[in-house]
Amino acid sequence: MTQCTCQPPIVFIIHVNKLLDIIRSPSWAFVDDLNLMESRLVSEQSRIQNDLDRLSGWTNDKKMKLNPGKCKAIQVCFSRIPPPPPALNIDGHQLAVVSVAKCLGVTFQADLRWDAHVTETVKKGNQRLYLLCRLRQFNLPVEDLLSIYTCFARPVLEYAAPLWHPGLTTAQRKKIENSQRRATRI
């Protein structure tokens, strides 16, 4: 959606809510992020381009601007020989088809595994734990360190966990748990 808009936030929200009425594909929006989804058989033709055209027309009518460079397409297909993804474009710019995409801080993969998300989460968590180690050197009380961990490091490791945690492999769970165990040794 628009970046650095001059519209008051409430007006922007009203505009975006009206936008959802013209899109026929299942969609979800959060502030200035909009995600469209299409579920279809391999033999069926994609209809999501129609929604992209409506979206583009709507934003042009409202004097808003889409940034096609930030728009991505990800195809999830479990057939042995997946068909090529449909060519999707916004205002003549073809959307990049990616195998990994980030949505509201959660990294999704086209194969619906969580390797990339777990790796990124553990990396961020370890960076926060390093800060905790440095603070420990200043002889802060354990209660303060626990408070810092609870407010600063733990949310990174547990962000959106109900979404991705059930799908983790044992090795991925151990990576997350090892990072949390490191905090207990600090």
Side-chain angles (χ1 to χ4, degrees), residues 1-5 7 9-124 156-169 171-173 176:
M1 295 301 296
T2 58
Q3 298 287 321
C4 302
T5 182
Q7 300 173 352
I10 192 74
V11 174
F12 182 76
I13 291 170
I14 291 168
H15 276 310
V16 171
N17 286 342
K18 287 181 182 177
L19 166 66
L20 297 177
D21 294 338
I22 67 164
I23 294 176
R24 297 199 175 95
S25 298
S27 61
W28 59 97
F30 183 77
V31 188
D32 65 347
D33 279 344
L34 176 66
N35 297 287
L36 303 178
M37 184 198 77
E38 177 179 60
S39 177
R40 63 183 173 88
L41 296 174
V42 174
S43 59
E44 293 177 351
Q45 193 163 11
S46 175
R47 295 180 308 274
I48 203 161
Q49 181 62 52
N50 298 334
D51 280 332
L52 291 175
D53 293 339
R54 278 192 286 278
L55 172 66
S56 178
W58 184 88
T59 55
N60 289 336
D61 290 345
K62 303 294 181 195
K63 308 272 190 276
M64 300 168 103
K65 200 170 191 180
L66 289 172
N67 185 349
K70 287 187 170 184
C71 300
K72 308 277 186 252
I74 186 168
Q75 176 174 307
V76 177
C77 182
F78 294 110
S79 63
R80 287 185 192 187
I81 304 170
L88 301 173
N89 65 66
I90 295 177
D91 293 333
H93 295 92
Q94 187 159 351
L95 300 185
V97 178
V98 296
S99 59
V100 176
K102 199 168 196 173
C103 177
L104 298 177
V106 178
T107 306
F108 292 91
Q109 292 175 220
D111 60 4
L112 296 183
R113 294 189 180 155
W114 297 105
D115 302 316
H117 181 73
V118 168
T119 301
E120 190 174 321
T121 299
V122 168
K123 180 182 174 185
K124 280 185 189 175
V156 169
L157 295 169
E158 295 181 356
Y159 178 74
L163 172 67
W164 51 264
H165 196 270
L168 295 183
T169 63
Q172 292 167 336
R173 280 193 181 112
I176 299 270

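Between the CD atom in Gln49 and the CG atom in Leu36 there is a gap of 10.5 Å [rounded to 0.5 Å]. Of the inter-residue distances, the one linking Leu66 atom CG with Leu55 atom CG reads 5.0 Å to the nearest 0.5 angstrom. Taking CZ of Arg47 as the start and CG of Asp51 as the end, the distance is 9.5 Å to the nearest 0.5 Å.
By the 6.0 Å contact criterion, CD on Gln45 is open, its count of non-hydrogen atoms from other residues, nucleotides or ligands being 12 or less. Around atom CZ of Phe78, more than 12 heavy atoms belonging to other residues, nucleotides or ligands sit under 6.0 Å away. Within 6.0 Å of CZ in Arg113 there are 12 or fewer heavy atoms belonging to other residues, nucleotides or ligands. Heavy atoms of other residues, nucleotides or ligands lying less than 6.0 angstrom from CZ of Arg24 number 12 at most. The number of heavy atoms from other shown groups lying within 6.0 Å of NE2 (His165) is above 12.
The heavy-atom pair separating His117 from Gln109 by the smallest distance is N-OE1, 4.4 Å. Scanning all heavy atoms of the two residues, the minimum distance from Leu95 to Pro68 falls at CD2-O, 4.1 Å. Shortest non-hydrogen contact noted between Ser46 and Glu38 is OG-OE1, 2.8 Å. Between Ile74 and Ala110, the shortest heavy-atom contact is CD1-N, 3.7 Å. Closest approach of Ala161 and Pro166 over heavy atoms only: O-CD, 3.8 Å. In this structure, Arg80 and Pro82 approach most closely via the heavy-atom pair O-CD, 3.4 Å.
Using a 4.5 Å heavy-atom threshold, the side chains of Cys103 and Asp33 count as separate. Between Leu34 and Ile23, the closest side-chain pair of non-hydrogen atoms falls below 4.5 Å. In this structure, the side chains of Thr107 and Trp164 stay at 4.5 Å or more apart for every pair of heavy atoms. Between Asn89 and Leu52, every side-chain heavy-atom pair lies at or beyond the 4.5 Å cut-off. At a threshold of 4.5 Å between non-hydrogen side-chain atoms, the residues Phe108 and Leu163 count as touching. Between Gln75 and Pro84, every side-chain heavy-atom pair lies at or beyond the 4.5 Å cut-off.
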Report task. Show the numbers, then the answer: is there a side-chain contact (heavy atoms from CB on, under 4.5 Å) between Val106 and Tyr159? Result -> CA-CA 8 Å; Val106 178; Tyr159 178 74; 4.0 Å; yes
Report task. Tell me, with the steps shown, if Ser56 and Asn60 meet side-chain contact (heavy atoms from CB on, under 4.5 Å). Result -> CA-CA 6 Å; Ser56 178; Asn60 289 336; 3.8 Å; yes
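With sequence neighbours left out, Thr169 forms a side-chain hydrogen bond (donor to acceptor under 3.5 Å, both in side chains) with Gln172.
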